[in-house]
Protein chains: 2
Amino acid sequence: MQISTKFTIAIHILAATEYFGKDMKVTSDLLSASIGANPVIIRGLMSDMKKAGLIETKRGPGGITITKPLDQITFYDVYEAVEKNKDELFHFHEAPNPNCPVGHNIHAALDDRLEKAQKHFEEDLKNYKVSDVAKDIHKLIKKEEAS
Amino acid sequence: MQISTKFTIAIHILAATEYFGKDMKVTSDLLSASIGANPVIIRGLMSDMKKAGLIETKRGPGGITITKPLDQITFYDVYEAVEKNKDELFHFHEAPNPNCPVGHNIHAALDDRLEKAQKHFEEDLKNYKVSDVAKDIHKLIKKEEAS
DNA sequence: TGCGATTGTTATTCATATTATTACATCAAA
DNA sequence: TTTGATGTAATAATATGAATAACAATCGCA
């Protein structure tokens, strides 16, 4: 029961692109090295985020460009872009017995509440900006360099 | 990426026990039939909920007894009792590169925010009471019987 | 005391989802 | 047209979830 690594990897992609993008070309191979995940996974996430309008990619010359300022990208944007099965955070058991009065009605009694909880979770994700993560990384790196 | 069926099954167990408990002995086999899941799974969840103090069980004579009034059991109590890996809702990729400044600091920059989002999710689950589900089931069954 | 019923628990298998890997087509720019 | 990157499919490896079988442990009752 965990949200897949795709989510944290995608945020890592954005943060690393912001950090390295000024100085060098950011490719799936470079990101793969920073993240420690397979380049194909990175490319898949790049593709997902491209479809969601968060980044631009180019073949050949390669490299990622972030299309929106990071302070306009929330955790929810990333979550929505890359996570599968996000439509149903809760997983209902398949076959409650239709001949049992409880089994027959459990769905109706539960679904609204689960949807509400899921909605609240998603809304909360909108409160975290990727730019804040990027800022913290800059700070942490500066602190390291100073010491 | 889904919360396992354990959670909804556990709520089903409580609701069915409340509904049937007055009239008959509620065993893992009975629940298994209502829920459509294997009795061993049910027993495992019974055991988890027993440890969490939500129900009492007995061998031999068998049957579940709910030890707390249902309006004192929230979705969070159930979630906490049965869900594995609930300590880390978000799944970090294992091996960010320690030699990369971003890979090296991504954890520190992200963990607090992920913990906060997780905490909010858990807090929200405390707003839903199992008794409300049970009440709705009673209502729905009565409506069916009337028609 | 011994029997039947039920929970408690382990081990095994099966199914599904996640991640890694290989391979190669596609495309953009020099 | 060559080079270097993305895009994507197919496959394998791994992890997790769930089903199942088997049996020990326990309780109540005759």
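Each chain gets a letter, A, B and so on, in the order the sequences are listed, and its residues count up from 1.
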task = Taking B:Ser32 for its side chain and B:Ala37 for its backbone only, find out whether a donor-acceptor pair lies under 3.5 Å.
result =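 Yes, the answer is positive, given that a donor and an acceptor are paired below the 3.5 Å cut-off.
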Could you pull out the protein-nucleic contacts involving nucleotides 25-29 of chain C (nitrogen or oxygen on both sides, under 3.5 Å)?
residue	atom	partner	partner atom	Å
C:dT26	O2	A:Arg59	NH1	2.7
C:dA28	O4'	A:Arg59	O	3.3

Establish, with yes or no, whether the OP1 or OP2 oxygen of [N] is under 4.0 angstrom from a side-chain nitrogen or oxygen of [X].
X	N	answer
A:Lys84	C:dT18	no
A:Ser47	D:dT8	yes
A:Thr57	D:dA5	no
B:Lys25	C:dT6	yes
A:Thr5	C:dT19	yes

Rounded to whole Å, please give me the gap between [atom1] in [X] and [atom2] in [N].
X	N	atom1	atom2	value
A:Ile64	D:dA5	CD1	C1'	11 Å
B:Ile41	C:dT10	CD1	P	14 Å
B:Leu45	C:dG8	CG	P	12 Å
B:Glu56	D:dT26	CD	P	15 Å
B:Leu30	C:dT7	CG	C1'	15 Å
B:Met46	C:dT6	CE	P	11 Å

ask   = Of A:Gly44 and A:His91, whose closest DNA chain D nucleotide lies nearer the 5' terminus?
value =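 With A:His91 and A:Gly44 compared, the 5'-side residue is A:Gly44.
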message = For a quick test of reading the model, state the closest non-hydrogen atom pair linking A:Pro101 to B:Ile141 and the distance between them.
response = CB-CD1, 3.5 Å
remark   = So CG of A:Leu89 and CG of A:Leu114: to nearest 0.5 Å the spacing works out to 9.0 Å
So, [X] versus [Y]: side-chain donor-acceptor pair below 3.5 Å or not?
X	Y	result
A:Tyr128	A:Asp124	yes
A:His93	B:Thr8	yes
B:Asp77	B:Thr74	yes

Grab the N/O contacts between the protein and nucleotides 1-3 of chain C below 3.5 Å, and write none if there aren't any.
none

Heavy-atom donor-acceptor pair, A:Arg43 side-chain to D:dT8 base, under 3.5 Å = yes
task = For residues A:Asp48 and A:Leu54, determine if any side-chain heavy atom of one lies less than 4.5 Å from a side-chain heavy atom of the other.
result = no
B:Lys6 and A:His91, any side-chain heavy atoms less than 4.5 Å apart =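 No, every pair of side-chain atoms sits at 4.5 Å or beyond.
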task = Kindly assign one of parallel, tilted or perpendicular to the pair B:Phe92 and B:His107, based on the angle between their ring planes and the thresholds 30° and 60°.
result =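 Aromatic pair B:Phe92/B:His107 classed parallel.
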ask   = Heavy atoms under 4.0 Å, any strand shown: does B:Gly63 hit a base, just sugar-phosphate, or nothing?
value =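 The residue B:Gly63 makes sugar-phosphate contact but no base contact.
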What nucleotide among [options] has an atom nearest to a side-chain atom of [X]?
X	options	answer
B:Ser28	C:dT7, C:dT19, D:dT6	C:dT7
B:Asn38	C:dT19, C:dT9, D:dT20	D:dT20
B:Val40	C:dT9, C:dT7, D:dG7	C:dT9

Residue A:Lys126 excluded, over 12 heavy atoms near NZ under 6.0 Å = yes
